[in-house]
Amino acid sequence: MPDYNRAATLYWWVMVVAGSALTLVCTAQLLQMSWQTWLQLSAGVLLAIGAGLFPIRLPGRKNSFAAGEIFLFLVLLVLGPAAAAVAAGAEALTGSWRTSKRWTSRIASPAIAVLAMASTGSILHGLLGALERADLGGAAATLAAALVFSALYFAANSVLMSTVLRLKRNEPIFQWAALLSDLRWVGLAYAGSAAVAALLFVTYQQQGGGVLLVMVPLLAMLLVSLHLYFRQQEVGLALGQAQTAFDVRQAQATHQHLLMLQASEQRFYSAFTHATIGMALLDFQGRMLQANPALCRLLGTGGADAVGQAFSDHVAEEDRAGLQAQLGLAGGHEFQGFACELRCQHADGAVVWLALHVGFFTEPGADTPCLILQAQDVSARRAAEAGLLQLAFHDNLTGLPNRRRFIECLDSAITRCRADAEHRFAVMFLDFDRFKLVNDSLGHGVGDLLLQGVARRLQENLRPGDILARLGGDEFVLLAERIETEREVVVLAERLMQSLKAPFDVGGVSLTASASIGITFSSFGYASADDVLRDADTAMYKAKGEGKARWALFDASLHTAVADRLRLEGDLRQAIEMHELSVVYQPVFELASGRLTGFEALLRWAHPTQGLLGPAAFLPMAEETGLIRPLSDYVLHCACQQLRLWQMSQPGWAGLTMSINVSAVDLSQPDFVARVGRAVVEAGLAPQHHSLELTENVLMAQVEGATQKLQALRTLGLRLAVDDFGTGQSSLSHLSRLAVDSLKIDRSFIHQLQWGSDDSAVVRAIVQLAGSLRKTVVAEGIETAAQAAQLRDMGCTYGQGFHLSTPLSAMDASALLQLRGRLD
Ligand code: C2E
Ligand code: CA
Ligand code: CA
């Protein structure tokens with residue numbers, strides 16, 4: 001008993017000891033009774049215990065009434081206080097065992113029950129005996145005595161039981177108020193029990209034990225029914241109370257909810273109004289019920305104007321149908337909202353890209369939902385994306401589709417063509433002749449401008465649907481789909497070439513462009529874009545090889561031509577190391593005296609399988625591939641060394657000159673002057689014995705820095721000559737401005753030289769002009785004695801040609817010098 005204080009402990013012990021002793025005394029008394037009495041006692045105890053299992057509690061009240069008392073009182077009335085005390089003890093023992101887990105209660109309860117019953121029962125018996133003796137016995141007296149007893153028993157039981165608690169809590173033992181309040185219900189129940197027991201007892205006295213046999217089970221049934229009935233009532237009441245509590249809470253919650261709704265509605269409208277993204281409420285037809293200021297700003301409308309308008313009125317035409325289709329789904333069950341990006345028309349006409357998000361929205365207080373639209377301006381991102389796309393698929397310089405885009409288009413054309421044989425296409429490969437020269441000589445800025453001009457010109461002459469792309473450099477490609485005949489494509493190619501003929505005004509310079517075009521057709525059954533481009537490229541090379549500014553169709557044999565070309569390129573790379581190159585020298589004579597005055601150095605390649613090749617067979621390729629540089633150095637070196645050898649070998653040869661051919665690519669190289677200067681100095685030669693030959697076109701192409709370079713060469717003391725004079729763009733009027741020492745009349749004029757012909761007039765004019773400008777004149781390609789004589793008569797100073805001497809090896813040239821120092 002850990003929570004018991006001293007007084008409580010003492011009290012407990014007193015109760016237990018007294019109760020136990022009394023139980024022993026009573027049991028001893030009972031031992032003298034008959035077995036029938038024992039039987040009745042056992043029945044009473046069992047009924048009392050059984051009734052304890054079915055306590056009757058009035059719904060809503062704390063106290064309960066165990067009808068076991070009826071049977072205890074009956075035992076008391078029938079068998080006397082000792083039997084009733086034992087029965088009360090037994091009933092209390094089972095009851096406390098059932099309801100309490102504390103052993104102190106389980107022991108004290110039966111002890112107190114025995115004490116209360118034994119004491120008050122004895123008083124009742126005394127009272128009944130006294131009434132009998134006073135001859136006042138009878139049913140009414142028994143009833144009254146039983147009621148008195150019940151009050152006493154109740155008081156004794158209550159006081160004795162509650163005293164332990166009060167002692168533990170140091171409270172006054174007799175709390176009358178509490179006692180009276182309990183008395184109202186429990187006391188009444190006790191009184192009722194006592195009355196019933198008394199009535200049964202009286203009937204039993206008058207009518208015998210049979211009454212009890214009938215009444216007691218009936219009573220038990222009644223009690224069980226009452227117990228169940230009240231329990232059900234109680235459950236109902238509890239449910240009712242719960243329901244009420246629930247309703248109250250519900251009402252409170254609803255109120256709370258309404259307040260929250262109001263607050264959230266306010267918050268929503270505040271967010272709606274102040275949101276930086278555009279928002280609108282739409283009905284299912286897409287009309288704006290409300291639009292926030294941000295959306296009005298995006299669309300350039302006033303807030304009031306927007307209301308009632310269809311949102312799609314502001315959407316650009318191209319995207320309107322798509323939006324309406326989406327909105328059309330809004331009434332359906334499946335509709336979950338949608339997101340999209342579309343173009344809108346700002347009131348000022350500008351196009352605004354909006355990212356839209358549309359979903360359901362139920363306005364507070366409204367019973368049908370509407371749509372809420374959120375719009376974000378994504379114009380900047382769209383523009384960036386478009387820029388990236390443009391970058392990814394377009395050529396920066398010309399704005400044309402680039403290689404990647406072209407390959408895509410070509411791939412789909414191939415796919416279409418494979419699916420439908422009727423669908424035919426052609427691809428043209430365009431390469432600009434001498435573009436590299438422009439780039440190298442006039443600089444990349446001018447080259448770029450020329451490309452832009454060319455792209456524009458070509459585009460103006462396309463058929464609708466043709467795709468022109470720039471692959472890079474000066475390479476353009478064209479995809480022509482839906483073609484009927486090959487002729488159509490050839491006509492297009494000719495139109496394109498024709499369109500380029502008019503000069504381009506590029507940064508104040510007037511330039512002409514011409515393209516070589518290779519064409520191939522889908523009829524070759526291509527499987528990949530690469531194959532198409534390869535063949536168009538091959539055909540383009542054929543066009544170039546045939547003399548530039550023309551078109552050529554691809555045919556299968558071209559594959560071998562390309563292979564040959566590539567092989568030759570490879571061979572040329574090794575030619576220098578393999579000592580396959582050599583320089584031959586064509587003598588130049590003074591026509592009047594026939595004196596051998598010098599040589600022109602000409603390059604030769606002794607190809608292992610193709611024999612001796614002239615420069616025309618490999619120089620253009622060397623220029624394109626950059627191999628020209630080592631070749632030029634080689635010629636320069638050989639020519640200088642050879643001239644020195646000759647000059648040193650005989651005093652009479654000390655005045656010999658050497659002409660060296662210079663290409664445009666040579667001249668465009670920044671270190672060209674230095675390289676020439678070094679070669680001359682290394683050979684220990686006087687520079688005035690060297691003449692550099694440049695064609696008219698190279699001189700006239702305004703090679704960037706060419707004027708300074710030419711000036712620098714002249715300052716070094718070198719001589720300059722215009723080669724192939726009369727075929728190029730320079731006119732006689734330019735002649736005075738050219739910083740050159742001599743003119744070499746092109747052999748085409750010499751070839752047709754006859755007395756009185758036009759050519760003779762031209763040659764005569766050139767000779768006279770050169771004379772007045774104090775430039776020397778060289779006639780090349782003299783093949784006959786007559787030509788030589790005519791030129792001599794015209795006053796042409798120098799001449800060279802097969803008639804005079806073919807180009808000779810160094811050895812042969814030396815021999816010639818020895819044998820024939822002069823012309824016959
Ligand atoms: P070119 O400067 O006009 O050289 C003269 C060409 O005419 C030479 O051809 C020569 O063999 C040829 N020839 C000479 N006399 C006659 C004749 O009476 N009748 C005919 N029909 N032809 C004659 P080649 O050696 O084939 O050279 C062709 C061109 O290649 C040269 O024309 C020159 O422009 C260029 N070339 C030659 N060697 C070099 C070089 O080392 N460097 C550079 N850059 N170009 C070179
Ligand atoms: Ca020449
Ligand atoms: Ca020439």
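Counting convention: from 1, in listed order, for ligands and their atoms alike.
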Option of least heavy-atom distance to atom 15 (N) of ligand 1 (set: Q800, E780, Q586): Q586
E600 OE2 and D723 OD2 subtending at the Ca ion (ligand 2) (10° steps): 170°
Mode of H803 contact toward ligand 1 - side chain, backbone, both, neither (heavy atoms, under 4.0 Å): neither
side-chain hydrogen bond (donor to acceptor under 3.5 Å, both in side chains) partner of D741, chosen from Q688, R774, R714: R714
The Ca ion (ligand 2): angle it makes with OD1 (N661) and OE1 (E693), nearest 10 degrees: 90°
Nearest neighbour of atom 24 (P) of ligand 1 from the list S748, P615, A616, on a heavy-atom basis: P615
For L603, atoms of ligand 1 separated by under 4.0 Å from a heavy atom: 38 (N), 41 (O)
Best match, V635, L636, D746: closest heavy atom to atom 41 (O) of ligand 1: V635
Structural part of I782 in contact with ligand 1, heavy atom criterion under 4.0 angstrom: backbone
Gap separating the CD atom of E693 from the OG atom of S742, nearest 0.5 angstrom: 7.0 Å
Check ion pair D433-K544 (N to O, under 4.0 angstrom): yes
Heavy atoms from other residues, nucleotides or ligands near NE2 of H803 exceed 12 (cutoff 6.0 Å): yes
Row check, F504 ring normal vs R457 NZ/CZ: under 6.0 Å, within 45°: yes
Atoms of ligand 1 close to S663 [distance to a heavy atom under 4.0 angstrom, numbered from 1]: 44 (N)
Contact check, E600 vs ligand 1, heavy-atom distance below 4.0 Å: yes
Parallel, tilted or perpendicular, as decided by the 30° and 60° cut-offs, for the rings of F524 and Y526: tilted
